[in-house]
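Below: the structure, in structure tokens.
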Amino acid sequence: KITSVKGAGPADGVLSSGQNLLLGQFTFEGLTKKIGGTVKLTEVIFTVLKSNDVAVTNWKLLIPGTGAQMDCFVSGNTVSCPQIPDSIGTLTNPATTLQLQGTVLVSQGAQNAYLQVTIQNAGSISSAGDVRWSDGVNEFTWVPLSTPVATSTRFH
């Protein structure tokens, strides 16, 4: 099972324009009782809180330093990273840290611009949350954690 999801990184950061900028960092921990079993993320949905003078494109989910990355998709204030490949989604012991990166454009002269990413909804047995995962046999659409599940650095 997934035992922990936490925002990794400082509480506050500097928001700037640029490509492949770190927009969120999250640490996932999992536990399996089955010998040789794995806990694998299959989809993560992020909620983006940002001011109107901030635009973000080219969202990517990756494991820093490995070259493993995937494209994510935007709909409104939601970034979805579905069909996560094993190279990114398989949780390692003791934990796996994933980064969300993107291209940021902060409007010239913006006042009080900000950006923050959260994994909002833990879900329940009867309703899907923002973290989908597998234990190698079954697929799960919720985690036994509180809502919001995890919050990233607030960039401003």
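- Side chains of Asn112 and His156: a donor-acceptor N/O pair is absent below 3.5 angstrom, by distance only.
- Within the 4.5 Å cutoff, the side chain of Leu15 has heavy atoms near those of the Val54 side chain.
- For the side chain to side chain contact (heavy atoms under 4.5 Å, CB included) with Ile84, the qualifying choice from Thr42, Val44, Thr90, Leu98 is Val44, the only one to do so.
- Between atom CD of residue Gln19 and atom CG of residue Leu105 there is a gap of 11.0 Å, rounded to the nearest 0.5 Å.
- Side-chain N or O atoms of Arg154 include none that pairs as donor or acceptor with a backbone N or O of Thr151 at under 3.5 Å.
- With rounding to the nearest 0.5 angstrom, the CG atom of Leu91 is 8.5 Å from the OG1 atom of Thr38.
- Judged by distance alone, with hydrogens and angles left aside, the side-chain atoms of Ser124 form a donor-acceptor pair with the main-chain N or O of Ser127 at under 3.5 Å.
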Applying side-chain contact (heavy atoms from CB on, under 4.5 Å) to Ser107 and Asn52, what does each step give before you reach the verdict?
CA-CA 9 Å; Ser107 298; Asn52 290 332; over 6 Å; no
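- Tyr114 and Phe155 are assigned to two separate hydrophobic clusters, defined by single-linkage of ILVMFWY side chains at heavy-atom distances under 4.5 Å.
- Residues Leu22 and Leu62 do not share a hydrophobic cluster, defined by chaining ILVMFWY side chains whose heavy atoms lie under 4.5 Å apart.
- Residues Val131 and Val48 share a single hydrophobic cluster, defined by chaining ILVMFWY side chains whose heavy atoms lie under 4.5 Å apart.
- A donor-acceptor pair under 3.5 Å links the side-chain atoms of Thr96 to the main chain of Thr92, judged by distance alone.
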Tell me, with the steps shown, if Ser80 and Glu43 meet side-chain contact (heavy atoms from CB on, under 4.5 Å).
CA-CA 7 Å; Ser80 176; Glu43 180 175 14; 2.8 Å; yes
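- Residue Leu23 holds its CG atom at 12.0 Å from NZ of Lys60, rounded to the nearest 0.5 Å.
- Counting all heavy atoms, side chain and backbone alike, Phe28 lies closest to Ile119 at CZ-CD1, 3.8 Å.
- Side chain of Ser134 to backbone of Gly136: a donor-acceptor contact under 3.5 angstrom is found.
- Looking only at distances, no side-chain donor or acceptor of Ser87 sits under 3.5 Å from a matching main-chain atom of Ala68.
- The closest side-chain heavy-atom distance from Thr47 to Asn77 is below 4.5 Å.
- The closest side-chain heavy-atom distance from Met70 to Pro85 is below 4.5 Å.
- Partners of Asp53 under the side-chain hydrogen bond (donor to acceptor under 3.5 Å, both in side chains) rule, at least two apart in sequence or in another chain, are Ser51.
- Side-chain atoms of Trp142 do not come within 3.5 Å of backbone N or O of Asn121 as any donor-acceptor pair.
- Annotation: the span from Ile2 atom CD1 to Trp133 atom CH2 amounts to 5.5 Å, rounded to 0.5 Å.
- Of all heavy-atom pairs spanning Val56 and Gly102, the tightest one is CG1-CA, 4.4 Å.
- Under the 4.5 Å side-chain criterion, counting only non-hydrogen atoms from C-beta, Leu115 is not in contact with Ser152.
- Rounded to the nearest 0.5 angstrom, Lys40 NZ and Thr32 OG1 are separated by 14.5 Å.
- Evaluation of the ring pair (Phe, Tyr, Trp, His ring centres under 6.0 Å) rule for Phe26 yields Phe46 as partners, not counting sequence neighbours.
- When all heavy atoms of Thr3 and Gly30 are compared, the pair lying nearest together is OG1-N, 3.9 Å.
- Summarising the geometry of Asp130 relative to Gln120, their closest heavy-atom pair is OD2-N, 3.3 Å, with the distance given to 0.1 Å.
- The CG atom of Leu61 sits 10.5 Å away from the CG atom of Asp71 when rounded to the nearest 0.5 Å.
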Check the pair Asp135 / Lys1 against salt bridge (Lys or Arg N to Asp or Glu O under 4.0 Å), numbers first and verdict last.
CA-CA 7 Å; Asp135 64 2; Lys1 68 181 181 177; over 6 Å; no
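- Each of Asn58, Ile45, Val79 was scored for a side chain to side chain contact (heavy atoms under 4.5 Å, CB included) with Cys72, with one residue passing: Val79.
- Between the side chain of Thr153 and the backbone N or O of Pro10 there is at least one donor-acceptor pair closer than 3.5 Å.
- Of the listed residues (Lys6, Gln99, Gln101), just one forms a side chain to side chain donor-acceptor pair (under 3.5 Å) with Gln25, and that residue is Gln99.
- For the pair Val5/Leu145, a side-chain contact is recorded, criterion being any heavy-atom separation below 4.5 Å from C-beta on.
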